[in-house]
2 protein chains.
Amino acid sequence: MTEAVSRPTLEAVAARAGVSRATVSRVVNGGDGVREPLVERVRRAVEELGYVPNQAARSLVTRRHDAVAVVIAEPETRVFADPFFALQLRGISKELTAHDSQLVLLLTEGPEDHARVGRYLAGGHVDGALVFSLHLDDPLPGLIRGAGVPTVFGGRPGWGDGPRGDGPTVYVDCDNRGGARDAVRHLVALGRTRVAHITGPLDQTSAVDRLDGFRDVMVDADPRLIVEGDFTPAGGERAMRVLLDRCPEVDAVFAANDLSACGALRVLRERGRRVPEDVAVIGFDDMLPVAEGADPPLTTVRQDIEEMGRLMARLLLRGLDRRGRDEAGSTAPGKALGGAPSSLVLPTTLVRRASA
Amino acid sequence: MTEAVSRPTLEAVAARAGVSRATVSRVVNGGDGVREPLVERVRRAVEELGYVPNQAARSLVTRRHDAVAVVIAEPETRVFADPFFALQLRGISKELTAHDSQLVLLLTEGPEDHARVGRYLAGGHVDGALVFSLHLDDPLPGLIRGAGVPTVFGGRPGWGDGPRGDGPTVYVDCDNRGGARDAVRHLVALGRTRVAHITGPLDQTSAVDRLDGFRDVMVDADPRLIVEGDFTPAGGERAMRVLLDRCPEVDAVFAANDLSACGALRVLRERGRRVPEDVAVIGFDDMLPVAEGADPPLTTVRQDIEEMGRLMARLLLRGLDRRGRDEAGSTAPGKALGGAPSSLVLPTTLVRRASA
DNA sequence: ACCCGGTCCGGGAGCGCTCTCAGGGCGGCC
DNA sequence: GGCCGCCCTGAGAGCGCTCCCGGACCGGGT
């Protein structure tokens with residue numbers, strides 16, 4: 001069994017290149033202030049020995065880890081089973097990789113895990129955190145702010161945009177409200193007059209924002225045309241049934257996500273309503289397998305999930321850089337130059353397919 | 001900006017508790033061989049100061065990291081966008097958490113990333129690796145074996161079960177072949193005689209194994225009833241069209257996964273075939289939103305994805321333990337006792353819904 | 001010829017932890 | 001009562017790296 005041979009150290013490389021440890025270190029970390037021939041010699045020695053720096057030793061002194069935690073608070077299975085996080089992770093991973101940072105994934109399974117995550121973050125094992133927390137009453141974000149770790153949130157957190165504690169809350173989200181407005185406007189432009197809304201769970205800001213967008217357009221909507229769903233197909237079915245019972249003449253539905261739109265679609269079919277002739281349907285997310293695979297294919301609001309992930313990572317890394325520089329040198333003006341990281345809201349686009 | 005106050009060290013705790021560094025260390029790491037009153041004092045000091053061990057310092061000397069890498073080779077977007085990995089990750093995460101290990105996620109975006117992953121793994125930053133590599137020709141597994149890191153694969157790797165290089169290849173997979181057999185037998189039991197198969201991409205072992213299972217039952221199947229798909233709904237549609245054109249009297253379809261089954265369903269509906277009356281359809285995976293949401297709901301073969309993840313992690317950790325013990329003490333018989341980790345193949349179950 | 005500034009390299013301390021080893025205390029047994 | 005041995009604790013070295021600082025060396029100005 002290939003016993004892990006002790007890997008070469010800086011010392012070994014130094015010996016082989018005939019220089020000091022310090023010089024090798026300099027070369028490995030960029031090579032500033034070392035003359036070319038030496039750089040070359042060291043590089044070769046590194047190559048020949050297959051030297052890889054020991055991250056633990058390095059962190060011990062630099063207090064940097066080149067790693068960020070991604071925290072996904074996931075009370076319900078459902079949430080995680082949709083491709084949302086996968087895409088987000090992809091975006092994050094790409095950006096982190098480009099900056100030689102590692103991605104440490106922390107999934108929480110319930111309240112008992114919160115303490116664990118808090119401890120880990122407070123333990124200073126990572127340079128920063130990217131946090132996905134969906135529910136308004138989630139204690140996790142608070143814990144994390146307490147840990148004093150630079151953090152960027154995925155999705156607008158529940159407590160609003162204002163500063164709280166130290167520094168502003170930084171998040172990346174898509175324009176849920178604007179996207180919803182676009183969807184509803186489209187339905188109106190189609191000549192629909194009885195436009196209903198199947199919401200998401202209203203303890204999540206994304207659901208609330210989409211509802212607000214709906215209301216922005218349907219300013220005096222019949223309250224009976226708004227039914228709370230839960231982002232699942234089953235919830236969409238239930239809501240659609242309620243809707244049809246309450247108000248059989250409904251001629252359009254804006255569902256807060258694609259999954260519930262699918263449920264609605266099924267009920268409509270079952271009840272003999274044609275889509276889009278009798279009832280037009282629009283979803284949200286543009287989850288491809290779902291939206292494209294629906295019958296009929298779903299008109300929906302697209303958000304660029306992967307891009308959101310990428311931007312979260314970028315924001316965090318930029319903040320870390322700034323922080324590093326600030327500590328080191330100039331006092332104030334870094335802010336004016338690099339710009340303090342602030343939240344980002346990405347635009348959405350309406351994707352027209354057959355359902356509306 | 002809450003400047004990260006320098007966190008308390010072992011030394012500080014020792015001072016506060018009025019003992020030596022070594023004693024605190026012992027307590028923190030289990031407390032064996034320290035008398036109760038002292039343990040208590042130290043515990044209190046730890047609590048009061050909010051001491052968290054510095055993992056970097058610890059790794060530096062122990063050469064353990066309490067972290068494992070999860071490598072997901074992901075040439076195609078599609079693969080990652082299905083909930084498969086999400087569930088797997090969940091299982092892995094749970095198991096690792098229970099053993100106080102961290103999960104470092106490495107996603108590869110193409111060949112240029114392979115070197116990076118290889119370097120990282122060889123760099124000894126993690127104790128082991130869990131690797132998902134789907135394609136037969138993927139060079140990544142080779143690289144990883146080269147890195148000399150304990151590894152467990154997700155899904156049977158392409159090179160078969162035999163030993164290769166050092167030590168046997170350890171993997172966790174579901175019984176693709178057996179599950180396929182069950183599905184096809186069910187169709188036969190239903191009285192269907194012209195049973196077709198839409199395969200997955202045949203450069204993946206899971207697709208090959210499912211095809212083998214199909215053939216096990218349909219020993220002399222008309223080769224025209226086997227069409228290659230690609231695990232996507234679109235691929236399923238294409239395959240189904242081919243099938244109907246070639247052989248209109250087909251009365252059952254076993255699709256290699258739920259997604260392609262959905263595509264097939266759509267084409268069947270479009271061509272006016274009733275499911276299951278005219279054509280029975282079975283999928284594979286039991287991806288809930290897809291299978292349950294299909295019209296009609298899909299009969300399919302379930303595999304416990306989360307459990308597979310959990311078992312991968314368990315296998316790896318067990319291997320690490322064993323390794324640690326072997327190095328430390330007794331020479332050989334550890335193998336007989338703990339049992340060398342060997343591959344695991346989980347059973348599947350047929351879930352009957354409406355489509356067959 | 002001397003000094004001064006700048007550039008480049010090496011020596012050495014120390015990051016926070018674990019682990020070995022030696023020593024102190026105490027009970028048991030002759 | 002004396003001695004042996006065991007259990008517990010503390011001292012100290014050192015993991016591999018970074019970074020500060022001092023020394024060597026070079027060139028130009030006086």
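These numbers come from a predicted model, not from an experiment. All heavy atoms count here, side chains included; hydrogens, waters and symmetry mates do not. So that the names make sense, note that chain A is the first sequence line, chain B the second, and so on, each numbered from 1.
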Salt bridge flag under 4.0 Å for residues Arg44(A) and Glu47(A): no

- line: Between CG of Leu38(B) and P of dG25(C) the distance, given in whole Å, is 15 Å

- request: Using the six-membered ring wherever Trp is involved, compare the ring planes of Phe132(B) and Phe85(B) and label them parallel, tilted or perpendicular (cut-offs 30° and 60°).
  value: perpendicular

- request: Choose from dG10(C), dG10(D), dC8(C) the nucleotide whose nearest atom is closest to any side-chain atom of Arg35(A).
  value: dC8(C)

message: Using side-chain heavy atoms (C-beta onward) and a distance below 4.5 Å, is Leu89(B) in contact with Leu103(B)?
response: yes

- request: Calculate the interatomic distance between Leu60(B) atom CG and dC17(D) atom C1'; express it in whole Å.
  value: 8 Å

- line: Winner on side-chain proximity to Thr9(A), out of dC15(D), dC17(D), dT9(D), is dC17(D)

Nearest-neighbour nucleotide for the Val19(B) side chain, dG10(D), dC17(C), dT18(D) considered: dG10(D)

- request: Find the distance His65(B):NE2 to dC15(D):P and express it as a whole number of Å.
  value: 16 Å

message: Rounding to an integer number of Å, can you tell me how far Gln55(B) CD sits from dC15(C) C1'?
response: 15 Å

- prompt: Nearest of dG16(C), dG10(C), dC17(D) to any side-chain atom of Ser20(A)?
  reply: dG10(C)

- request: Rounded off to whole Å, could you give me the CD-to-C1' distance for the Glu11(A) and dG14(D) pair?
  value: 13 Å

task: State, to 0.1 Å, how close Leu96(A) and Gln102(A) come at their nearest heavy-atom pair, and which atoms those are.
output: CD1-O, 4.0 Å

- prompt: Rounded to the nearest Å, what distance is computed from the CG atom of residue Asp32(B) to the P atom of nucleotide dC7(D)?
  reply: 13 Å

- prompt: Which nucleotide sits closest to the side chain of Val34(A): dC17(D), dC9(C), dT18(C)?
  reply: dC9(C)

task: Can you measure from OG1 (Thr97(A)) to OH (Tyr120(B)) and round to the nearest 0.5 angstrom?
output: 11.0 Å

task: Determine: side-chain N/O of Asn54(B) to OP1/OP2 of dC15(C), distance under 4.0 Å, yes or no.
output: no

message: Please report the distance, rounded to the nearest Å, between CD in Glu36(A) and P in dC8(C).
response: 12 Å

task: Between Arg26(B) and Ala57(B), name the one whose nearest nucleotide on DNA chain D is closer to the 5' end.
output: Arg26(B)

task: Can you see which heavy atom on Asp66(B) is nearest to which on Asp100(B), and at what distance?
output: CB-O, 3.6 Å

- request: May I ask you to verify if any side-chain N or O of Arg64(A) is less than 4.0 angstrom from the OP1 or OP2 atom of dT18(D)?
  value: no

- prompt: What nucleotide, of dG16(C), dC15(D), dG10(C), holds the atom closest to the side chain of Arg63(B)?
  reply: dC15(D)

message: Check the phosphate of dG10(C) against Thr23(A), side-chain N and O only, distance under 4.0 Å to OP1 or OP2. Yes or no?
response: yes

- request: Between dG11(C), dT18(D), dG16(D), spot the one nearest the side chain of Ala22(A), thanks.
  value: dG11(C)

- prompt: If you check every side-chain atom of Arg21(B), which of dC17(C), dC17(D), dT9(D) has the closest atom?
  reply: dC17(C)

message: Is Arg7(B) close enough to dG16(C) that one of its side-chain N or O atoms is under 4.0 Å from OP1 or OP2 there?
response: no

Ser25(B) vs dC17(C): side-chain N/O to OP1/OP2 distance below 4.0 Å: no

- request: Figure out the CG/C1' separation between Leu49(B) and dG16(C), and round it to whole Å.
  value: 15 Å

